[in-house]
Amino acid sequence: MASNRIVKQAVVIGAGMSGLTAAGALAERFDQVVVLERDTLPSEPTYRAGTPQDRHVHALLVSGLRALSELFPGFEQDLARAGAVPLRVGLDFRVEQPGYDPFPQRDLGWFTYAVSRPTIERTVRRRVEIRANTTLRQGCRVPEAWESPNGEAVTGVRYENGNGTSETIAADLVVDASGRGTPTLAMLKSIGGPLPAETAIGIDLRYATCVFAIPDDASTDWKGVRTLGSPQIRRGGLMLPLEGNRWMVTIGGRQGDGPPGDAEGFLNYARSLRTQTIYNAIRQAKRLDGVARYGFPESARRHFERLDVFPRGLLPIGDAICRFNPVYGQGMSVAALEACLLGRLLQRLGDEGDLIASLAPTFFTEVQTLLETPWSVATLDFAFPDTRGQRPADFETTLKFGIALNQLAAEDPAVHKLTLEVQHLLKPRSVYRDPALLQRVLEKMADA
Ligand SMILES: Cc1cc2nc3c(=O)[nH]c(=O)nc-3n(C[C@H](O)[C@H](O)[C@H](O)COP(=O)(O)OP(=O)(O)OC[C@H]3O[C@@H](n4cnc5c(N)ncnc54)[C@H](O)[C@@H]3O)c2cc1C
């Protein structure tokens, strides 16, 4: 691999899913990769303060599993060895939605794994740690007032180490995978540059999660359940198996209608969902943990692609660019797909001159195609009238199209497979423009 390297140092801020996957891509092309993480990273797969979302259900889409396997060959086997539960997409997962309780369950030929977020992250982290040219520095926080000595280019990062001492590390490329993107925004402010415009979809989601031991008499018809709400009962739930014969159950609602933080309140909220599947599964099950809660105000997309100038040597990635309503389970998979894109660009641009200068503008342009489908999924939140933000034009037609397509998917396994390929980000949403499919959907819409 040495001949592929461009003999430079890359620094990644944050050892979450986007930081670790980016480090995997960078290690192929950079001499040295240093990851700075503010948390102390646990050796066991346990929750940590820097990623409070890790206490909640994290679904891994098929595209995410494949992207992780592309970055870290053999990743799937690692995950299976860590106890992840294989899930046949379409068959092992019961989806309940108005009109379909449940939606037809079919084996569509592919699978993913259900596993806790800490175990996914630790499995990726182990692959990053064993790379000879990659170093993970824990307890190292990049402060908010971060700036570069030269406003036009980032040449290094100052950070506070575990002793509270400030250090500086030189870098030809700094990848901001801090989730919030605060280092990038602080850098832009420090040079007096404009901040990226932001598109937000306000949902004020409130979540609560509990982990249970899977009882011996649990249903064998499904391994996981998703219960969607209706216009009348706007609460939903997601239950997936975890390593160690456990279920993780996340339930919640929009516009602040979240579950209480005590066990009895959690069960009562589960009973208030549109169907009783989740409640019946957990009501006698042994609870293994307390109730963890989380608030997610909005999906948000930062338009770095619209900035005329951007500091050379800086690249935000993952949630720092775009974060999605977690209900759709897209964030980790998009992070891994972005890292694959980064790897391809490093390969391609490395042969074409000033790689560092062209990297961020090219990435910002090309990532738009990648974000299009997951962002269009997030815009479905406008189906709820109290969602904040700019409703896309002609959204009523989009909704009617979705209902008709769903009817076809229930009837026809080929259409079902196609819709799941789009949901799992294996195919773009544009596949729905296929003339033959379009004709069938339009006929359904006309019938309705
Ligand atoms: C409640 C909830 C549920 C979710 N469910 C799913 C799901 O089902 N499926 C899915 O794919 N995605 C899900 N997501 C999204 C997913 O967690 C993220 O999109 C994904 O992990 C990528 O995030 P990231 O790595 O960009 O940022 P983060 O996960 O936020 O990681 C950022 C890292 O940077 C570190 N850091 C931050 N600032 C600094 C600093 N200044 N200096 C040094 N280190 C720093 C943090 O400690 C952390 O380790 C969910 C999110 C939430 C909130």
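We use all heavy atoms of the structure for the numbers below, so side chains are in, but hydrogens, waters and symmetry mates are not. All residue numbers refer to positions in the sequence shown, counting from 1. Indexing begins at 1, ligand by ligand and atom by atom, following the structure's order.
- Close approach to G50 involves these atoms of ligand 1, each under 4.0 Å from a residue heavy atom: 46 (C), 47 (O), 48 (C).
- Of all the heavy atoms of D319, the ones lying under 4.0 Å from any atom of ligand 1 are found in both the backbone and the side chain.
- Of the charged side-chain nitrogens involved, at least one lies within less than 4.0 Å of a carboxylate oxygen, so that E121 and R48 count as a salt-bridged pair.
- Considering both main-chain and side-chain atoms, F296 never comes within under 3.5 Å of ligand 1 through any nitrogen or oxygen pair.
- For the ligand labelled ligand 1, residue R48 lies inside the 4.0 Å heavy-atom shell.
- The shell of residues lying under 4.0 angstrom from ligand 1, judged by heavy atoms, includes R117.
- Residue contact annotation: Q330 has a non-hydrogen atom under 4.0 Å from ligand 1.
- Residue contacts with ligand 1 for T182 are absent, since no atom lies close enough (heavy atoms, distance under 4.0 Å).
- Residue-level proximity to ligand 1 for S333 is carried by the backbone, the only part with a heavy atom below 4.0 angstrom.
- Remark: D78 engages R127 in a salt bridge, criterion side-chain N to carboxylate O under 4.0 Å.
- Residue D39 has no N or O atom closer than 3.5 Å to an N or O atom of ligand 1.
- Geometrically, R235 engages Y269 in a cation-pi contact defined by less than 6.0 Å to the ring centre and at most 45° from the axis.
- For ligand 1, one of its N or O atoms has an N or O atom of G331 under 3.5 Å away.
- Distances between N or O atoms of R141 and those of ligand 1 include no value under 3.5 Å.
- Expressed to the nearest 0.5 Å, how far CZ of F30 lies from CG of N133 amounts to 11.0 Å.
- Within the 4.0 Å heavy-atom criterion, the part of Y207 lying near ligand 1 is the side chain and not the backbone.
- The atoms of ligand 1 that sit less than 4.0 Å from any heavy atom of S18 are 24 (P), 25 (O), 26 (O).
- Here I13 has side-chain heavy atoms under 4.0 Å from ligand 1, and that is the only part of it that gets that close.
- S43 pairs by the side-chain hydrogen bond (donor to acceptor under 3.5 Å, both in side chains) definition with nothing, not counting sequence neighbours.
- Under 4.0 angstrom from ligand 1, there are no non-hydrogen atoms of A49.
- Close to ligand 1: C140, with a non-hydrogen atom less than 4.0 angstrom away.
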